[in-house]
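As the structure is a computational prediction, the values presented were derived from the model and not from experiment. Counting convention: from 1, in listed order, for ligands and their atoms alike.
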Amino acid sequence: MRSAKASGIYNVVVVGAGTAGLVTAAGTASLGGRVALIERHRMGGDCLNFGCVPSKALISSARLARQMREAEKWGLHKQEPQFEFREVMERMRARRGKIAPNDSQERFESLGVDVFRGEARFVSPHEVEVDGQRLRAKNFVIATGSRATIPQIAGLEAIPFFTNETIFDELHEKPESMAVLGGGPIGCELGQAFSRLGVKITIVHNGDQLLPPEDRDVAEFMQKQFAAEGITVRLNAQTQRVRTENGKVILETNEGDITADTWLIAAGRTPNIEQLNLAGAGVKHNEHGVEVNDYMQTSQSHIYAAGDIANRLKFTHTADFTARAVVRNILMPLQLLRQKVDFSVVPWCTYTDPEVAHVGLGEKEAAKRGIACDLFSVQLEEVDRAVVESKEAGFAKVLTRKGSDEILGATIVAPHAGDLLHEFVLAMNAGVGLGQIASMIHAYPTFAELARKAGDKYNKTRLTPFAKKLFAWLYRRARR
Ligand SMILES: Cc1cc2nc3c(=O)[nH]c(=O)nc-3n(C[C@H](O)[C@H](O)[C@H](O)COP(=O)(O)OP(=O)(O)OC[C@H]3O[C@@H](n4cnc5c(N)ncnc54)[C@H](O)[C@@H]3O)c2cc1C
């Protein structure tokens, strides 16, 4: 018989119903565990409501708008797209609404999960309080995610701004101009999307390149692309003060003033830990979030953490990955049966146009770690499919261990780069070398030929002067 909601002992109490919390709750319930899931705001967390889903829906409309403006590339008359900004935003929310039922309270209740709405707070290492009720459990999972970091800028308190948590629901009318604070993935994706929807964008970034984790050539490529689309990028710009004048927002930076109708803050992420009373649970944390070991256990081994709150690489797929590990590890009765989480091959993608997808080492990281590599690059214009599609701007870079075909990393800048990357992700996980990729049949004409061509380039390096002489001799001999 099922115990009454909130009574007795749960197997797992999960705090946060974003990707990590939902995967943990659904996984545990499907294996027969008794689970409570607590959410203080919207079911689905950032990815569904304020992150991946609405941003990619918006990017999709923006891409089409750009294609219409560039229709000449395809032999059609170019034209300025006719649209109402408000309707594009409504379409984005409607697309999000289509996905939302997957993460809804009703769906999770139908899976047998007890869902609680309210803010969770540890009252002891074995009890969490929500909405006046105390929940006891054998294990807890902290999956409270992260939020936009609000930098310390003089005058900020008095000036309204957007973050990813407000822009998708509260921006209805098209502003003439927008300053985007932050040139990381979120700033670049949203900056380009809004620019294509007719907003004059200035990206204000305090570092010396956009997309900081990527190699400089990748960032410079995107910066050129942005410039060609009319986006202004201000690098090394520290915003010291913000004020308003005649209804405009003015960011005062060391690089001069930047004036816009409105501004979006996309300047990094802050872990959601403040309300949890982690001290009361004896869980260690730092400015990056909750500290975990390789098993995703916190300093209290029965309390686990998953997702942005614990991951250095903050993505939906890493939240999902760590949550799955947590489900397995909680089920195991002994530490020696538990699995360590392996972050050695983590792909990611920035959904700009073209997309920038990355796995493993880039040149910058390899140099930093002193790892000797060979580099194989393929320009998109070498790929027939890219040429026929008029999408030749982009490239792929593959790093192999010096003198071998072991793939250490790959970066692809191309349409659908996030999808194309997975050939390299699989190869790295399965220990398939770049030479083997070249010997696989790739359908023609596809963008995936990028990978085969990188493999061909590797194979050419194996044609030593001696081997070349030997082959020439064999051919001569055959002609006799
Ligand atoms: C604009 C944007 C675009 C993005 N695009 C992508 C993308 O394309 N691909 C990708 O992989 N990643 C993307 N991300 C990152 C991705 O959204 C996050 O990595 C992912 O949502 C993390 O999931 P999570 O479960 O750890 O946290 P969250 O989704 O943040 O969920 C945590 C939940 O915990 C709740 N919570 C917090 N504290 C408490 C408490 N005390 N009590 C109860 N509930 C609490 C919160 O309300 C929230 O719902 C994007 C992020 C942003 C901001």
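Only one option out of Lys56, Arg63, Arg196 pairs with Glu189 in a salt bridge (charged side-chain N to carboxylate O under 4.0 Å, His left out); it is Lys56.
Listed by chain and number, Val15, Gly16, Ala17, Gly18, Thr19, Ala20, Ile38, Glu39, Arg40, His41, Arg42, Gly45, Asp46, Cys47, Phe50, Gly51, Cys52, Ser55, Lys56, Gly118, Glu119, Ala120, Ala143, Thr144, Gly145, Ser146, Asn164, Ile186, Arg269, Leu276, Gly307, Asp308, Lys314, Phe315, Thr316, His317, Ala319, Tyr351 each place a non-hydrogen atom less than 4.0 angstrom from ligand 1.
Classification of the His358-Trp348 ring pair by plane angle, with boundaries at 30° and 60°, yields parallel.
A distance of 6.0 Å separates OH of Tyr304 from CD1 of Ile330, quoted to the nearest 0.5 Å. Taken to the nearest 0.5 Å, the CD atom of Glu255 stands 11.5 Å off from the CG atom of Asn206.
Within 6.0 Å of NE2 on His416 lie no more than 12 heavy atoms contributed by other residues, nucleotides or ligands.
Geometric assessment of Lys5 against the ring of Phe116 yields a positive cation-pi assignment under the 6.0 Å and 45° thresholds.
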